[in-house]
Amino acid sequence: MVERLAERFGTTPMRLLMVGWGVSAVLLLVGLALVLTGTSAVLGFVLFVLGVITTMFVAVNLMRLRAGEHARKPSK
């Protein structure tokens, strides 16, 4: 899935996952800031949960990508 999305954006899957990791970090930090300052606890909670989901998505797809690279290496 990440490979097809990377082709659509014209980049590599690893670069796309790193961008996703950065987006998830921003979501986590903004959500945490909103909750801790009391500005908008509900919006902060939603952003934080979206950051957690994005982080898990990136982690799982990064492991799948690395496993695929490992499987393609010739054994010595």
Side-chain angles (χ1 to χ4, degrees):
M1 184 168 100
V2 173
E3 290 85 4
R4 287 183 288 175
L5 191 59
E7 284 179 25
R8 182 171 288 175
F9 285 125
T11 185
T12 63
M14 182 64 77
R15 187 170 290 161
L16 184 66
L17 288 172
M18 292 300 105
V19 168
W21 192 35
V23 168
S24 66
V26 169
L27 287 171
L28 287 167
L29 290 174
V30 169
L32 185 64
L34 287 174
V35 168
L36 290 179
T37 59
T39 306
S40 178
V42 174
L43 179 62
F45 178 74
V46 169
L47 289 177
F48 190 82
V49 169
L50 284 174
V52 169
I53 291 169
T54 308
T55 301
M56 295 308 298
F57 176 79
V58 168
V60 167
N61 281 294
L62 188 58
M63 287 188 288
R64 290 178 66 208
L65 183 67
R66 296 295 290 169
E69 289 174 359
H70 182 69
R72 287 188 293 258
K73 283 186 179 178
S75 59
K76 294 180 181 180

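Quick note: numbers below take in every heavy atom, side chains included, and nothing from hydrogens, waters or symmetry partners. Residue numbers start at 1 and run along the sequence shown.
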Connected via hydrophobic side-chain network under 4.5 Å: Ile53 and Val60
no
Are the side chains of Arg4 and Arg8 in touch, meaning some heavy atoms are under 4.5 Å apart?
no
Is Leu32 close to Leu28 at the side-chain level, that is, under 4.5 Å between some pair of heavy atoms?
no
Side chains of Phe48 and Val35: closer than 4.5 Å at any heavy-atom pair?
no
Tell me whether Met56 shares a hydrophobic cluster with Val23, the cluster being built from Ile, Leu, Val, Met, Phe, Trp, Tyr side chains joined at under 4.5 Å.
no
Which heavy atom of Gly51 sits nearest to which heavy atom of Leu27, and what is that distance?
CA-CB, 3.7 Å
Common cluster, Phe45/Leu34, ILVMFWY with side-chain heavy-atom separation under 4.5 Å:
no
With clusters defined by side-chain heavy atoms of hydrophobic residues (ILVMFWY) lying less than 4.5 Å apart, directly or transitively, does Leu29 cluster with Val49?
no
Using the rule that two of Ile, Leu, Val, Met, Phe, Trp, Tyr join whenever any of their side-chain heavy atoms come within less than 4.5 Å, decide whether Leu36 and Val52 are in one cluster.
yes
Provide the closest heavy-atom pair for Leu47 versus Gly31 in the form atom of the first, atom of the second, distance.
CB-CA, 3.9 Å
How long is the gap from CG on Leu16 to CG on Leu62, to the nearest 0.5 Å?
11.5 Å
State, with a plain yes or no, whether a side-chain heavy atom of Leu17 is found less than 4.5 Å away from one of Val2.
yes
